[in-house]
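As structure tokens, the structure follows; a few thoughts come after it.
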Amino acid sequence: MSENPLLAPIHGITLEDYSAACAKLGSGLSEEDVAKALGVEVPVWQEANLLWPERMKQDSSFQIVTLFGQYFGQADQHPKFSNPAPNASGAGNANTDRIKSDKDFYQELEVARSVAYEYGLDGAQWIADTYGITLGDFQIAASRWNEQIHKDLEANFEAYTAQQQAYKAKYQQQFAQAQGGNVADDIEF
């Protein structure tokens, strides 16, 4: 048992439960499905969903936020949420599995998402439409790869940056072609 009283379950919903539930909501699970998985009524879930963020605000040690991120990244391993999102397609499931097991795939799509925003698209929706990967699953992958990416950066900043620039150039070209070119492409100096 933790010594931090802010980590006590809320209506029986632990921080680990709450973190996994948030990840699954982002993956397309409904509040009704979340409540059912947790074994509580929807209003009980909704109140816990209001109170856990309040506790995060009260926790000056940042222990709750740190654990939330850790548990969020492990949502697929939570016993109450072991089944995939009900609306995931077969292709989406394969890509969702891949983004969680292939760091390079995650990094490429992270850059693609960012470039999509630069071209006025909803990058998260573009990832969902193109690869069938929900925002929640994308965030789970981000949690999973974050530490390794920081180690890669420290080990070889130049190689990391070169790969990011290559991904960026690839998607800038792709999105520019899809939109009929860049705004300044026909300007001659």
Side-chain angles (χ1 to χ4, degrees), residues 14-31 33-34 37 49 52-53 55-57 59 62-89 91-172 174-175:
T14 66
L15 179 59
E16 189 172 3
D17 294 337
Y18 175 69
S19 304
C22 289
K24 293 302 178 180
L25 283 170
S27 299
L29 219 57
S30 69
E31 281 195 309
D33 291 335
V34 165
N49 193 27
W52 272 114
R55 285 192 180 175
M56 289 180 196
K57 291 177 191 174
D59 182 22
F62 302 105
Q63 182 182 18
I64 295 175
V65 171
T66 301
L67 288 172
F68 175 84
Q70 177 186 330
Y71 296 147
F72 188 95
Q74 299 168 348
D76 289 342
Q77 300 163 17
H78 193 290
K80 294 178 182 173
F81 295 100
S82 59
N83 294 324
N87 61 352
S89 69
N93 283 335
N95 286 324
T96 298
D97 290 343
R98 184 176 174 202
I99 200 169
K100 294 176 184 175
S101 62
D102 182 343
K103 178 177 56 94
D104 293 336
F105 184 57
Y106 164 74
Q107 288 181 295
E108 181 173 350
L109 293 189
E110 201 282 327
V111 171
R113 184 175 75 153
S114 178
V115 173
Y117 284 118
E118 291 174 13
Y119 279 80
L121 302 171
D122 180 336
Q125 189 62 51
W126 183 83
I127 295 288
D129 293 343
T130 307
Y131 293 97
I133 300 170
T134 65
L135 178 59
D137 285 322
F138 196 87
Q139 294 304 103
I140 290 170
S143 299
R144 186 165 294 171
W145 294 119
N146 191 31
E147 184 177 335
Q148 183 60 50
I149 290 170
H150 282 284
K151 288 179 183 175
D152 293 349
L153 264 167
E154 290 176 7
N156 192 340
F157 178 78
E158 290 79 18
Y160 175 83
T161 302
Q163 185 61 61
Q164 294 292 299
Q165 290 301 321
Y167 290 146
K168 186 173 183 175
K170 174 184 173 181
Y171 287 99
Q172 284 176 327
Q174 180 178 324
F175 290 123

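In what follows, every heavy atom counts, from backbone to side chain, and hydrogens, waters and symmetry copies are set aside.
- Q172 has its side chain within reach of Y119: a pair of non-hydrogen atoms, C-beta onward, lies under 4.5 Å apart.
- In plain terms, the two heavy atoms of S143 and F72 that are nearest each other are OG-CD2, 4.0 Å.
- Nearest heavy-atom pair, F81 versus D17, reported as atom, atom and distance to 0.1 Å: CE1-O, 4.0 Å.
- For the pair Y106/I149, a side-chain contact is recorded, criterion being any heavy-atom separation below 4.5 Å from C-beta on.
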Open item on the list: Is there a side chain to side chain contact (heavy atoms under 4.5 Å, CB included) between R113 and F138? Walk through the geometry before answering.
Closed with: CA-CA 10 Å; R113 184 175 75 153; F138 196 87; 3.4 Å; yes
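- Residues I133 and K100 fail the side-chain proximity criterion, which asks for heavy atoms closer than 4.5 Å.
- In this structure, K24 pairs ionically with D76, as a charged nitrogen and a carboxylate oxygen lie closer than 4.0 Å.
- Although no hydrogens or angles enter the test, the distance criterion places no donor-acceptor pair under 3.5 Å between the side chain of D137 and the main chain of T96.
- Atom OH of Y160 is separated from atom NE2 of H150 by 8.0 Å, given to the nearest 0.5 angstrom.
- Between F68 and W52, the gap from one ring centroid to the other reaches at least 6.0 Å.
- The two residues D122 and Y117 have their closest heavy-atom pair at OD1-OH, 3.5 Å.
- Annotation: the span from Q139 atom CD to N146 atom CG amounts to 10.5 Å, rounded to 0.5 Å.
- When side chains are defined from C-beta on, R144 counts as touching I140, because their heavy atoms get closer than 4.5 Å.
- Summarising the geometry, atom CD belonging to Q125 is positioned 9.0 Å from atom OG1 belonging to T130; distances are rounded to the nearest 0.5 Å.
- No donor-acceptor pair closer than 3.5 Å links the side chain of S114 to the backbone N or O of E110.
- Within the 4.5 Å cutoff, side-chain heavy atoms of K103 are placed close to those of Q148.
- Residues passing the side chain to side chain contact (heavy atoms under 4.5 Å, CB included) test with E31, sequence neighbours excluded: L25, W45, Q46, N49.
- Put simply, the side chain of F105 reaches to within 4.5 Å of the side chain of N95, judged on heavy atoms.
- You'll find the side chain of K168 stays beyond 4.5 Å of the side chain of Q164, heavy atoms only.
- Residues R55 and I64 approach most closely at O-CD1, 3.7 Å, considering heavy atoms.
- One distance of note links CG of L15 with CE of M56; it measures 6.0 Å at 0.5 Å rounding.
- By the 4.5 Å heavy-atom criterion applied to side chains, D152 and F157 are not counted as neighbours.
- Between A112 and W126, the shortest heavy-atom distance links the atoms CB-CZ3, 3.7 Å.
- Looking at every heavy atom in both residues, A37 comes nearest to K80 through CB-O, 3.4 Å.
- Using modelled atom types, one side-chain atom of W145 and one backbone atom of I99 make a donor-acceptor pair closer than 3.5 Å.
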